[in-house]
Structures are given as C-alpha cells and as structure tokens.
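In what follows, a single structure is set out as structure tokens and then discussed.
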Amino acid sequence: MKVATWNVNSIRSRLDHVIEWLRANPVEVLCLQETKVVDDGFPKQPFEALGYSLQVYGQKTYNGVALISRTPLEAVQCGFTPVLGAARVGDLDAQRRVIAGRCGEVYVVNLYVPNGNSLGSEKYDYKLTWLDCLKDYLAALLPQYPLINICGDFNIALEDRDIYNAADKATHIMASGPERQALKAVLSVGFRDGFRKFNQAGGHFTWWDYRAASFRRNLGWRIDHHYLSPQLYDRATACTIDLDPRGWDKPSDHTPVIVEYGE
DNA sequence: ATGGCCTAGGATCTAGGA
C-alpha cells in the first residue's frame with residue numbers, strides 16, 4: 001500500500017499535473033494540501049473518472065486539504081474539533097488544514113501546518129499554538145488507531161541536513177528552535193520519520209522557492225513529511241521523493257513524497 | 001544588499017506563501 005502527500009499550490013491550477021501524476025503513480029491514497037478552493041468548486045470529476053473517491057475540506061483562496069483514495073475512506077474527520085471538542089480547539093479550525101480517514105487498518109491524517117510568516121509575528125505564534133493542538137489531537141487518536149500515517153506540508157525542516165544551507169537559517173521561518181521543538185513535541189507522542197528510515201543523507205528536499213532558479217540549483221528544504229506510528233514504521237518498505245513534477249511546466253513549488261508499507 | 005516567483009481575488013494592485 002502506498003500513500004502520497006503533495007502540496008499542489010491550487011488544485012485548479014495544478015489539475016493536469018495531479019491527474020498525470022496519479023495515472024503514472026496509482027497510489028492507494030493521495031493527500032493534497034493548499035487546494036485553495038471551496039468544496040463545491042473542487043474538480044472531482046477527473047479523479048472519479050480514474051476510479052478514485054474524494055474527501056475535500058477547502059476554503060476560498062487559502063489553505064484547503066483533500067484525501068483522494070482508490071476505495072472510499074471510513075471514519076472521515078475534518079479539523080481538530082471532532083476529536084478534541086470545540087472547547088479545546090477554539091478558532092483553530094477556522095483555517096481548513098486537517099482531514100483524516102481510515103483506509104483499511106491505516107488511519108491517514110493529512111495536514112497543512114501554518115507557515116508562520118516570520119519569527120515573532122502573530123502568524124508565528126499561531127503556528128506554535130496550532131502545533132500544540134496537533135499534539136493533543138494525535139495523542140487522542142493513537143489509542144484508537146495503532147496504525148497512523150500523518151503526512152503533509154509541515155512547513156518545518158526538523159534538522160540542518162534538511163536544508164540546502166543551514167548555516168544562516170537558525171532564525172529563519174521553518175528552521176527556528178521553537179518550531180523544531182514544537183514539532184519534536186508532536187512526534188514524541190509516538191511518531192517517526194518515514195523518510196529517515198531509509199535515507200540518512202542531506203540534500204534531499206521537497207520544496208524549492210520559485211525564485212532564483214532554486215530547483216535547478218537544488219536550493220531546497222525537506223518540509224513535506226510522512227510520520228508513522230511505531231507499528232506502521234516497522235511495516236514501511238520505502239519512502240521516496242518524486243522530483244519529476246517539480247521540473248514540469250508551471251509546477252507547484254512542492255513535489256510528492258510517497259511512503260509504502262507491507263502487511 | 002536586495003529581491004528574484006506564483007496564486008487568488010478582483011482588478012491592473014494586495015495578501016500570502018516559505
């Protein structure tokens with residue numbers, strides 16, 4: 001079974017790329033982020049024509065996540081509130097960044113973590129607050145689902161080897177200490193990095209700035225991740241980054257990451 | 001040293017991304 005994650009930077013702008021990729025890579029579940037469209041406007045038909053089912057949770061202009069699966073998902077939950085309750089979540093579900101559902105034994109959690117803008121900004125505080133809520137959300141889910149695959153655009157490079165030039169990034173958004181600490185706290189609930197099970201090298205990235213020919217020069221960041229609960233981590237047989245779509249005409253600035261696990 | 005690009009919305013610019 002394969003699960004892929006891809007921040008597409010608008011599904012309407014990237015529809016042809018996503019369909020072409022899915023034809024060549026018929027994964028069991030495809031998790032999309034930054035769909036940037038209300039649910040009624042999501043172009044479902046091309047996916048359904050390929051035999052896929054869709055669960056979408058979007059909003060106008062910003063954010064938005066979707067689950068695209070070969071078989072319909074069970075126990076689909078949108079946002080933190082169904083798991084944690086409104087009192088704990090507050091207004092954190094106003095931005096649509098979380099959708100989850102069960103595929104066989106595996107519970108897939110698709111996340112678009114806030115960007116955070118810059119250190120000390122209001123958006124930065126929001127990012128840290130959101131990650132603290134994510135930690136509680138996952139702690140509540142794990143006893144229910146021992147096999148969890150959380151994936152998505154985390155907007156955080158956890159280690160220096162995940163950045164093209166870490167030396168000047170200590171106070172950069174996506175690499176700062178408090179962000180890394182907040183993500184480590186999330187993972188401490190019981191998750192491990194699927195990619196690092198198979199590859200310890202630096203220089204492997206999932207996002208490259210549109211500017212300055214960053215992709216051609218491989219000036220990138222590894223910020224899109226698959227984190228697996230222990231039982232699922234043991235089953236993982238591969239985790240790869242597909243660089244191809246980032247080189248296509250008018251690409252997303254992110255590229256897909258695929259994890260595979262056996263029985 | 002700076003900004004370099006892309007998207008949506010509603011318009012010829014702004015906000016946001018990372």
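We name chains A, B, ... by the order of the sequence lines, and we start the count at 1 in each one.
- Atom OH in Tyr62(A) sits roughly 15 Å away from atom C1' in dA18(B) (whole-Å rounding).
- Here the side chain of Thr61(A) is nearest to one of dG9(B), dG17(B), dG4(B), namely dG9(B).
- Put simply, the side chain of Arg70(A) never gets that close to the backbone of Tyr52(A): no donor and acceptor are under 3.5 Å apart.
- The gap from the C1' atom of dC6(B) to that of dA18(B) amounts to 12 Å, rounded to the nearest Å.
- Dashed line: the shortest gap from a side-chain N or O of Lys36(A) to OP1 or OP2 of dA15(B) is not under 4.0 Å.
- For dG9(B), one of the phosphate oxygens OP1 or OP2 lies less than 4.0 angstrom from a side-chain nitrogen or oxygen of Arg12(A).
- His254(A) has a side-chain polar atom (N or O) that falls below the 4.0 Å cut-off from OP1 or OP2 of dA18(B).
- In summary, the aromatic rings of Tyr164(A) and Trp208(A) are positioned with their centroids too far apart to meet the 6.0 Å limit.
- Atom CZ of Phe195(A) is separated from atom OH of Tyr227(A) by 11.5 Å, given to the nearest 0.5 angstrom.
- Residue Arg211(A) has no polar side-chain atom (N or O) positioned under 4.0 Å from OP1 or OP2 of dA18(B).
- Here the two rings, on His204(A) and Trp221(A), have centers that are 6.0 Å apart or farther.
- Taking a 6.0 Å sphere around CG of Asn165(A), one finds it holds more than 12 heavy atoms contributed by other residues, nucleotides or ligands.
- Computed from coordinates, the Arg216(A) CZ to dG4(B) P distance equals 18 Å when rounded to whole Å.
- Spacing between atom CD of Gln59(A) and atom P of dG16(B) amounts to 12 Å, rounded to whole angstrom units.
- Between Asn7(A) and the phosphate of dG17(B), there is no side-chain N or O to OP1/OP2 separation shorter than 4.0 Å.
- By the 30° and 60° cut-offs, the orientation of the rings of Phe42(A) relative to Phe47(A) is tilted.
- Taking atom C1' in both dG17(B) and dG4(B), the straight-line distance is 15 Å, to the nearest Å.
- A close approach under 4.0 Å does not occur between any side-chain nitrogen or oxygen of Ser13(A) and OP1 or OP2 of dC6(B).
- Going from the P atom of dT2(B) to that of dT12(B) covers 29 Å, rounded to whole Å.
- Computed from coordinates, the Asp209(A) CG to dG16(B) P distance equals 18 Å when rounded to whole Å.
- Residue contacts shown for Trp207(A) are limited to sugar-phosphate atoms, with no base heavy atom under 4.0 Å away.
- As a whole-Å value, the separation of Tyr126(A) OH from dA18(B) C1' is 17 Å.
- Among the protein residues, Lys123(A) comes within range of the sugar-phosphate backbone only, with heavy atoms under 4.0 Å from sugar or phosphate atoms but none that close to a base.
- Distances shown here put a side-chain N or O of Asn155(A) below 4.0 Å from the OP1 or OP2 atom of dA18(B).
- Rounded to an integer number of Å, the gap from CG of Asn63(A) to P of dA8(B) is 14 Å.
- With distances taken from any side-chain atom of Ser10(A) to the nucleotides dG9(B), dT7(B), dG17(B), the minimum falls on dT7(B).
- Residue Tyr112(A) has a polar side-chain atom (N or O) positioned under 4.0 Å from OP1 or OP2 of dA18(B).
- Taking atom NZ of Lys250(A) as the reference point, atom P of dT7(B) lies 7 Å away to the nearest angstrom.
- For the pair Arg97(A) CZ and dG17(B) P, the computed distance is 7 Å after rounding to whole Å.
- Nearest-nucleotide positions on DNA chain B place Asn9(A) closer to the 5' end than the other of Asn9(A) and Asp253(A).
- Spacing between dG10(B) and dA15(B) at atom C1', rounded to whole Å, works out to 13 Å.
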